[in-house]
There are 2 protein chains.
Amino acid sequence: MGFAAVCPRPRNAAATRTAILDAAAKRFAAESYEQVGMRDIARDVGVDPALISRYFGSKEELFRAVLDDCDGDELMDGDRATFGERMADDLVYGPAKDEDLAWLLIMLKSAGSPKAAEIVQQAAIEGFYQPFTEWLGGEDAPIRARVIAGILMGIAVGRDLSGGMKLSPEECERMKALLAPMLQQLVDG
Amino acid sequence: MGFAAVCPRPRNAAATRTAILDAAAKRFAAESYEQVGMRDIARDVGVDPALISRYFGSKEELFRAVLDDCDGDELMDGDRATFGERMADDLVYGPAKDEDLAWLLIMLKSAGSPKAAEIVQQAAIEGFYQPFTEWLGGEDAPIRARVIAGILMGIAVGRDLSGGMKLSPEECERMKALLAPMLQQLVDG
DNA sequence: GGGGGTGGTCAACGCCTGTTGACTTAGATG
DNA sequence: CATCTAAGTCAACAGGCGTTGACCACCCCC
């Protein structure tokens, strides 16, 4: 992270803007709103912290921009029939390829951060719950959407929480085998 | 909260100590480690912030004391056969009587707060995962414990997250009816 | 009734955070 | 080559945080 010293970054406003957005997204997916510092993001990009405030106005608006930028549609573009399998795999073997869950992780980490709460709620409803509910369809779609989202986030939390209790490879497979049909059943209704 | 002005609290070290512990537990169950301020807790109890540092040494040690004080055994003292029902009820209609889930909520909120991470992990493993796994018993108990804990926390997060999307009373019942057998099946194995 | 020790307060420190305005510099344009 | 705008830096501020040492005040005991 931060190759600023070796590569001084060409003077390109649009590129640095998206670089900031990218770095911020990664940070916000790993830590909560308050924990992510402007100076951290700036260091990742190789830029002065002041520039971020300059481009985005404030930390709050930067956060909003991150949420607007990446939406939660990644969950829904795979095959319906393999949803449970895919998600279970991401959950158990993540966060190696957390791209699918990144958006959900950002919500998760910063839910309950007073300054970010309203932004998160709005983004969660408009950017995730509503489209996901529609994608699900069928009976009690809103409820199933909430339960699925809850499980995805909850297992992700549990991963952080039980850091020391590593599972053996076969246990991972068993956990996956437990989660996949559970999630698939919720998708199918 | 904070009736300090009207009732100046008798001079009793032990009582104020537990009062601080109680107030801190409530705060930590609602907000993350960093968000909870010594001054907030002090205001709740009606006491000077300095006193807390004096009694517990530091914020970190206070947090540890809170986790040591209340353990997660509330989940396991009811009837096994009604576990799913009870938890589903708490999840859907909470946080009115969050006493059962309080301990899990503290973990949830402060998981991923660097300064609290190690404390949380240790407490989670020793105070929850291990006894709960033992209580569960049967095949793949560690995995089932993780999944159950994950679901409980995840649904709790989802409640905060989709603050605007309130469910109708009958939807609440349907969600409960969806969750209860799911959890019960995980308990039964 | 005057010590002494404990329960509690007060003011202040050092640190870290987001933000701002003035400044410097690169890079295209004439 | 000179110039002028946009890209980026720098130093500093105000506010909040946890923590500390010096300071009152109550209450028990002799």
Side-chain angles (χ1 to χ4, degrees), chain A residues 2-24 27-28 30-66 109-110 113-117 119, chain B residues 2-24 27-28 31-66 109-110 113-119:
Chain A
F3 293 90
V6 17
C7 166
R9 171 174 300 283
R11 281 176 154 254
N12 182 340
T16 53
R17 217 192 105 103
T18 70
I20 292 172
L21 224 47
D22 262 33
R27 285 272 177 191
F28 282 127
E31 296 166 302
S32 82
Y33 178 81
E34 277 90 7
Q35 304 218 25
V36 175
M38 301 294 246
R39 288 167 170 87
D40 300 330
I41 303 173
R43 203 177 312 119
D44 289 350
V45 185
V47 150
D48 192 275
L51 196 65
I52 306 181
S53 279
R54 218 163 170 60
Y55 277 2
F56 293 91
S58 73
K59 187 181 177 183
E60 210 172 305
E61 292 182 68
L62 168 64
F63 186 68
R64 202 189 311 268
V66 167
K109 296 284 181 180
S110 290
S113 292
K115 292 183 187 172
I119 306 173
Chain B
F3 294 90
V6 15
C7 168
R9 173 174 299 282
R11 283 177 145 255
N12 182 340
T16 53
R17 216 193 105 102
T18 70
I20 291 172
L21 224 47
D22 262 33
R27 285 273 177 190
F28 282 128
E31 296 166 303
S32 83
Y33 178 80
E34 277 91 4
Q35 304 219 22
V36 175
M38 302 292 249
R39 290 167 170 89
D40 299 330
I41 302 173
R43 203 176 312 122
D44 289 351
V45 185
V47 150
D48 192 274
L51 196 65
I52 306 182
S53 279
R54 224 169 162 59
Y55 276 2
F56 294 91
S58 72
K59 186 181 176 183
E60 211 172 305
E61 292 183 68
L62 168 64
F63 186 68
R64 203 189 312 268
V66 167
K109 296 283 181 180
S110 289
S113 291
K115 293 184 185 169
E118 17 180 359
I119 308 172

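All chains are named by letter (A, B, ...) in the order of the sequence lines, taking the proteins before the strands, and each is independently numbered beginning at 1. In this text, all values refer to a predicted model and were calculated from it rather than measured experimentally.
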Rounded to the Å, how far apart are [X] [atom1] and [N] [atom2]?
X: Phe56(A); N: dG18(C); atom1: CZ; atom2: C1'; value: 15 Å
X: Glu60(B); N: dG18(D); atom1: CD; atom2: C1'; value: 12 Å
X: Arg43(A); N: dG8(D); atom1: CZ; atom2: P; value: 19 Å
X: Ile52(B); N: dT9(C); atom1: CD1; atom2: P; value: 10 Å
X: Lys115(A); N: dT19(C); atom1: NZ; atom2: C1'; value: 12 Å

Minimum heavy-atom distance Glu60(A)-Ile119(A), with the two atoms named
CG-CD1, 3.4 Å
Which value, rounded to the nearest 0.5 Å, describes the distance between Gln35(A) atom CD and Lys109(A) atom NZ?
8.5 Å
If I take atom CZ from residue Arg27(A) and atom CD1 from residue Ile41(A), how far apart are they, to the nearest 0.5 angstrom?
7.5 Å
Looking for any heavy atom pair under 4.0 Å, which part of the strands does Tyr55(A) touch: base, sugar-phosphate only, or nothing?
sugar-phosphate
Quick one: label Ala13(A) by what it contacts on the DNA or RNA (base, sugar-phosphate, nothing), any heavy atom closer than 4.0 Å.
sugar-phosphate
Using ring-ring contact (aromatic ring centres under 6.0 Å, His included) as the criterion, list what pairs up with Tyr33(B), not counting sequence neighbours.
Phe63(B)
Please set out all donor-acceptor pairs under 3.5 angstrom arising from side-chain atoms of residues 49-57 of chain A, sequence neighbours excluded.
none

Could you run through nucleotides 22-30 of chain D and give me one letter per nucleotide, 5' to 3': B if any protein heavy atom sits under 4.0 Å from the base, S if only the sugar-phosphate is that close, - if neither?
---BB----
For residues 16-23 of chain A, tabulate all N or O donor-acceptor pairs below 3.5 Å that involve a side-chain atom, not counting sequence neighbours.
from, atom 1, to, atom 2, distance (Å)
Thr16(A), OG1, Asn12(A), O, 3.1
Thr16(A), OG1, Ala13(A), O, 2.9
Thr18(A), OG1, Ala15(A), O, 3.0

Measure from the side-chain N and O atoms of Ser58(A) to the backbone N and O of Glu61(A), and report whether any donor-acceptor pair falls under 3.5 Å.
yes
Look at the side chain of [X] and decide which nucleotide, out of [options], has an atom nearest to it.
X: Leu51(B); options: dT19(C), dG8(D), dG8(C); result: dG8(C)
X: Lys59(A); options: dG18(C), dC10(D), dT19(D); result: dG18(C)
X: Ser53(A); options: dT19(C), dT19(D), dT9(D); result: dT19(C)

For Asp48(B), salt bridge (charged side-chain N to carboxylate O under 4.0 Å, His left out) partners two or more places apart
none
Using the test salt bridge (charged side-chain N to carboxylate O under 4.0 Å, His left out), find all partners of Glu34(B) that sit at least two apart in sequence or belong to another chain.
none
Residues touching DNA chain D, which here means a heavy atom under 4.0 Å, drawn from residues 34-42 of chain B:
Val36(B), Gly37(B), Met38(B), Arg39(B)
